[in-house]
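Order of appearance sets the numbers: ligands from 1, and atoms from 1 within every ligand. Just so you know, these numbers use all the heavy atoms, side chains as well, and skip hydrogens, waters and symmetry mates. Quick note: residue numbers are just sequence positions, from 1.
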Amino acid sequence: MAVGFVVVFLVSVPLVKAAPQPNIVFIMADDYGWHDIGYHGSEIHTPHLDKLSASGVRLERYYIQPICTPSRNQLMTGRYQIHTGMQHSIILPCQPYCVPLEEKLLPQYLKEAGYSTHMVGKWHLGMYKKDCLPTRRGFDTYFGYLLGSEDYYAHTRCYHNVTHTSCALDFRDGEEVASEYKGQYSAEIFSQKAVSLIEKQDHNKPFFLYVSLQSVHEPLQVPDHYLEPYGFIEDPDRKMYAGMVSAMDEAVANITAALQRTGHWENTVLVFSTDNGGQTLCGGSNWPLRGRKGTLWEGGVRGVGFVAGPLLKQSGTVNYELIHISDWLPTFVALAGGSTNTSKPLDGFNVWPTISYGVASPRLELLHNIDPLYTNGRLCPKRRNLTLASGDSWSSFGFNVSIHAAIRSSNWKLLTGDPGCDQWFPRPGDNTSDSSQPTENPQKPVQLFDIINDPEERIDLSDEFPEVVNHLLSRLNQYQKTAVPVNFPPNDPRCDPGATGVWGPWA
Ligand SMILES: *[C@@H]1O[C@H](CO)[C@@H](O)[C@H](O)[C@H]1NC(C)=O
Ligand SMILES: *[C@@H]1O[C@H](CO)[C@@H](O)[C@H](O)[C@H]1NC(C)=O
Ligand SMILES: *[C@@H]1O[C@H](CO)[C@@H](O)[C@H](O)[C@H]1NC(C)=O
Ligand SMILES: *[C@@H]1O[C@H](CO)[C@@H](O)[C@H](O)[C@H]1NC(C)=O
Ligand SMILES: *[C@@H]1O[C@H](CO)[C@@H](O)[C@H](O)[C@H]1NC(C)=O
Ligand SMILES: *[C@@H]1O[C@H](CO)[C@@H](O)[C@H](O)[C@H]1NC(C)=O
């Protein structure tokens, strides 16, 4: 009888209760700048984002990639761009490639761990063949657009050949073309979709919801009523952009309210993140950071981000630990109780203890990128005539310093080649807030900054700390040895949506 008693006891009173699997909601903003959120002192009103982040953990040394496809790629793979062959640029509409199919994506890991997986919004990770679509890469459901830069109401993406500009629809529900949303503003459509998905979720099965908003990327479009609070903004682009931010703020409020109304909130980790720095050519601001979207300066890679939800142990805090977008995959898989044992080598770290409890980040180093094909394309006012020195003096470290690259290690950041538009843009509405443009730097192919003490990247210290330069060049060289060749294929004319009026897989 004693034996029977013991067995019953062990079965009915487990000593260790497995942690419940939290729902994970990841909301990504597009081209949302550092200075464009209330808690960074913006003149744009973001009451909901301010309140939600104040109840959670604001990430103030959070890094993303400088442009759309790379940030989304690293979010989905947990791996640096140099390891997927996608170190250059975005995927253009007619390029026949996507995130390599042998890469295992975040929703696949979470599905394995028992999650239902849903995506709403912008994909931009390739669509030339069906196997590249979100529904074939781990998402149970998908609703959104596959490219970038569409019209917010028509949901079309325009393209140019030598003589003509044409526009074709890019909007899908699952893999089916969704043409009935014409005229509706995307922030409203996507938040409604997210809300209805949340309402349908089962309390007995955890879910992953990736809401990849179109807001606040160009084109600058917003329903008039969102502009009402911004009569004081003179710059028409900034005013329109401010209205778009307000619409996004409301979209996030509606999604959060749905989580709370349905009781899912108690078991949800919500992350809000931009995908890259703001585009100063289209209303965005990263003040006081240097550079902008598309550059390796802090204005391109240091992003707005926060985590919210009742599962955080130290809520209401501001976090200054080094965290990168590639860290979400191992973090979420760990929260889900899943395993990355079948993955390719990850470049990300599980940063949940850092965010939730405030312990030091496991990330000591961050490779921002190495892109041998980089060219600085867009208008950059007052740009210096960049003629790089030959770089011979650095060649003994093995790394070709003409290449556009940047690496961060503790407080140090080393940049090589042309980092991109190097201006300090003035604070919006205050054209006197910055008059000191870069003149002091010689045209050196290598620059070193102490980001902790000089987050605006004003004082190049490469001459003062040659041993730091040498170390970081040797680290770049080691990374470059692990890089796979850049895959950036020419456009495939078969992509032409002219016949159907719809963008989609063609191969
Ligand atoms: C450009 O597009 C127009 C309209 O679709 C088409 O008639 C023309 O042949 C195209 N030109 C080239 C060079 O592809
Ligand atoms: C948020 O919800 C309210 C109430 O349903 C709605 O009127 C508004 O359009 C929604 N906003 C967005 C951006 O979806
Ligand atoms: C990998 O993790 C999965 C899920 O936790 C587990 O079922 C499997 O046995 C593990 N495989 C190896 C090789 O460790
Ligand atoms: C160094 O990199 C630049 C830029 O990518 C390239 O043009 C040049 O050919 C490279 N030099 C060598 C020696 O590989
Ligand atoms: C930039 O430098 C090149 C080569 O020295 C020169 O030809 C060109 O005129 C310069 N451009 C400007 C805007 O100074
Ligand atoms: C700054 O803005 C004021 C007011 O719009 C304008 O009068 C002035 O010319 C501007 N100054 C510069 C340097 O752009």
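Contact annotation: the side chain of His35 approaches that of Glu43 to within less than 4.5 Å [non-hydrogen atoms, C-beta and beyond].
Aromatic pair Trp412/Phe465: ring centres closer than 6.0 Å.
For ligand 2, the atoms lying closer than 4.0 Å to a non-hydrogen atom of Ala247 are 13 (C). Which parts of ligand 2 touch Ser191 is read off a 4.0 Å heavy-atom cut-off, strictly below it: atoms 12 (C), 14 (O). For ligand 2, the atoms closer than 4.0 angstrom to any heavy atom of Tyr226 are 13 (C).
A donor-acceptor pair under 3.5 Å links the side-chain atoms of Gln87 to the main chain of Val484, judged by distance alone. Asp237 places no side-chain N or O within 3.5 Å of a backbone atom of Cys282 that could act as its donor or acceptor partner.
At a 4.0 Å heavy-atom cut-off, the residues surrounding ligand 4 are Pro372, Asn400, Ser402, Ile403, listed by chain and number.
Contact check on Arg79 versus Glu103 returns a salt bridge, with a Lys/Arg side-chain nitrogen under 4.0 Å from an Asp/Glu carboxylate oxygen. Classification of Glu456 and Arg458 as a salt-bridged pair holds, one side-chain N sitting under 4.0 Å from a carboxylate O. A salt bridge links Lys413 to Glu457: at least one charged side-chain nitrogen sits closer than 4.0 Å to a carboxylate oxygen.
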Derivation of the salt bridge (Lys or Arg N to Asp or Glu O under 4.0 Å) call for Glu365 and Arg408
CA-CA 6 Å; Glu365 192 176 78; Arg408 172 75 178 271; over 6 Å; no
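Applying the side-chain hydrogen bond (donor to acceptor under 3.5 Å, both in side chains) test to Asp492 and every residue at least two apart in sequence or in another chain returns Arg494, Trp506.
Judged by the shortest distance from any of its heavy atoms, Glu250 lies inside the 4.0 Å radius around the atoms of ligand 2.
When heavy-atom distances to ligand 2 are checked against a 4.0 Å cut-off, Phe190 has no atom that comes that close, whether in backbone or side chain. Under 4.0 Å from ligand 2, not a single heavy atom of Ala253 appears.
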